[in-house]
Number of protein chains: 2
Amino acid sequence: MISKKAKYAIHALVKLAREKDKGPILISEISKEGNIPKKFLEAILLDLKRAGILNSKKGKGGGYYLIKDPEEVNMADVLRLFDGALALLPCVTYKYYERCEECTDELTCGIRRVMQQVRDETVRILKDATLANVLATEGTALDNF
Amino acid sequence: MISKKAKYAIHALVKLAREKDKGPILISEISKEGNIPKKFLEAILLDLKRAGILNSKKGKGGGYYLIKDPEEVNMADVLRLFDGALALLPCVTYKYYERCEECTDELTCGIRRVMQQVRDETVRILKDATLANVLATEGTALDNF
DNA sequence: TCAACAGTCTATAATCGATATAGATTTTTT
DNA sequence: AAAAAATCTATATCGATTATAGACTGTTGA
C-alpha cells in the first residue's frame, strides 16, 4: 500500500494537470474537493514544489500550478519521492539498497529473483503512467472488469 | 516494501522446503542461520501452522516441517497472510476494499486503472512463485543483470 | 516416572513512522 | 494599509512493527 501522502500527492497532481489552463489553484480548493486535511496537503505541495514539479504564487490570485509537462511526470517518480523505493525488498532497489541478513548468495537467491521481476514490472507500468496518460484514460470505461 | 515478518516467513518456508527430507527443523536453527530473532520467528511459524502450511512436533527430535506440497505454496498467499493486500491502493483490493475519499467516479478513475494494472501483474508473478519454483531457480545465475 | 527437550501462550516494551493540527510569518496584490 | 495565500516551525497523536521475557504444555527416551 502506498502512503496517504503519496495518494494525496497523485490526486493533487492529476487535478492540477486536468485544470492546467485555469491558472493557479488554491490549496484550500484541492483540500476541500478531495477531503484532504489542508495542513497536511500544504506540506505535500511544498515537497512537489521543491522537486521541481509545481510552482506557487502567493497573495490574491495565487495558488499552485504545474510547471512540468504532464508527459514528463510519472507515477514512479512521484511514489519514489514520497514513499521511497518501489521494490518489495531492499536488496532489489537501486537507491535504497540493503543486503538481506538471511541471504547467503544474493546473485543466486530465488526469492530475490521473484522480487526483481515484480519490481521491474511495477516500474515499467508506473513509468508509463504519466499525468498525460492518466488524464487520457480518465472517463472511459474499463474493458475488463 | 514487505514487512520483516513476511520476509522472515518466506525465508523460513524456502529453507523448510529445501530441507524437506531432513525431518523437523528447530526454530533455533532457522533463527540462527537467518539472523532472525527467535521469539519473533516463533510467532511467525505459529501463524504458518495455523494457516495449514506447516506442522510442528514438540520434544526431542521435534521442530517444524512443511505439510503442504511446495508447488501449492506461493508468495502471493504468504505475503497476504502477513502483510494483507498486495495492491497499492485500497480501491483495487478484493478483501481489503475501501473507497477513496478523493475519488468521484471509481469506474473511470485514471489513477485506479494504473494501480489495477500493477496489482494484476504483481499477483500474476507472485502466484507463479511457488516454493517449488523458487527452489528450482535457486543457484542458477541470472540472465539479465 | 523423571528429566531434558522443544514448541506454545500471555503479556508487555520499545520504537518508529505516518498522519494530522496550530499558530506565527512572509510575500504578493489591490 | 489591508487582505489574500503560501511558508515555516513546532508539536501531538496514534497505531503498527519489531522485539523480549517468562511461564506453560506436550513429547521423548532413559
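Naming convention: chains lettered A, B, ... in sequence-line order (proteins, then strands); numbering from 1 in each chain.
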Is B:K7 touching bases, backbone alone, or none of the nucleic acid, heavy atoms closer than 4.0 Å?
-> nothing
Looking at every strand, decide which applies to B:L45 at a 4.0 Å heavy-atom threshold: base, sugar-phosphate, or nothing.
-> nothing
Would you indicate which nucleotide in [options] comes nearest to any side-chain atom of [X]?
{"X": "B:K4", "options": "D:dT18, C:dC9, D:dC8", "result": "D:dT18"}
{"X": "B:Y64", "options": "D:dA6, D:dA23, C:dG7", "result": "C:dG7"}
{"X": "A:F40", "options": "C:dC9, C:dG7, C:dT19", "result": "C:dT19"}
{"X": "A:K58", "options": "D:dT20, C:dA20, C:dT27", "result": "C:dT27"}
{"X": "B:K39", "options": "C:dT21, D:dA5, C:dC9", "result": "C:dC9"}
{"X": "A:K60", "options": "D:dT20, D:dA4, C:dC5", "result": "D:dA4"}
{"X": "A:S3", "options": "C:dT19, C:dC9, D:dA6", "result": "C:dT19"}

Using atom [atom1] of [X] as one end and atom [atom2] of [N] as the other, report the distance to the nearest whole Å.
{"X": "B:L41", "N": "D:dT17", "atom1": "CG", "atom2": "P", "value": "18 Å"}
{"X": "B:I44", "N": "D:dT17", "atom1": "CD1", "atom2": "C1'", "value": "11 Å"}
{"X": "A:I27", "N": "C:dT27", "atom1": "CD1", "atom2": "C1'", "value": "14 Å"}
{"X": "A:Y96", "N": "C:dG17", "atom1": "OH", "atom2": "P", "value": "13 Å"}
{"X": "B:I25", "N": "C:dA6", "atom1": "CD1", "atom2": "P", "value": "13 Å"}
{"X": "B:L26", "N": "C:dC5", "atom1": "CG", "atom2": "C1'", "value": "9 Å"}
{"X": "A:M1", "N": "D:dG15", "atom1": "CE", "atom2": "P", "value": "19 Å"}
{"X": "A:E42", "N": "D:dA5", "atom1": "CD", "atom2": "P", "value": "13 Å"}

Is the closest basic N to carboxylate O distance between A:D83 and A:K5 below 4.0 Å?
-> no
Can we say B:R18 and B:E138 salt-bridge, meaning some charged N sits less than 4.0 Å from an Asp/Glu carboxylate O?
-> yes
Nearest-nucleotide 5' precedence on DNA chain C, A:K38 against B:K38 =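 Nearest nucleotide further toward 5': that of B:K38.
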Considering just the side-chain nitrogens and oxygens of [X], establish if one lies under 4.0 Å of OP1 or OP2 belonging to [N].
{"X": "B:Y8", "N": "D:dT17", "value": "no"}
{"X": "B:K57", "N": "D:dT28", "value": "yes"}
{"X": "A:R50", "N": "D:dC8", "value": "yes"}

Non-hydrogen side-chain atoms of B:L131 and B:L66 separated by less than 4.5 Å =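 Yes, side chains in contact.
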With distance as the sole criterion, do the side chain of A:K5 and the base of C:dG17 form a donor-acceptor contact below 3.5 Å?
->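 Donor-acceptor pair under 3.5 Å: no.
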Closest-nucleotide ordering on DNA chain D, the 5'-leading residue of B:P37 and B:F82 = B:F82
Indicate, with yes or no, if B:L46 and B:I10 share a hydrophobic cluster defined by side-chain heavy-atom contacts under 4.5 Å among Ile, Leu, Val, Met, Phe, Trp and Tyr.
->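 Looking at the clustering, B:L46 is in the same group as B:I10.
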Taking atom NZ of B:K20 as the centre, does the number of heavy atoms from other residues, nucleotides or ligands within less than 6.0 Å exceed 12?
->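 Yes, NZ of B:K20 has more than 12 neighbouring heavy atoms, counting only those of other groups under 6.0 Å.
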Within 6.0 Å of CD in B:E71, more than 12 heavy atoms from elsewhere = no
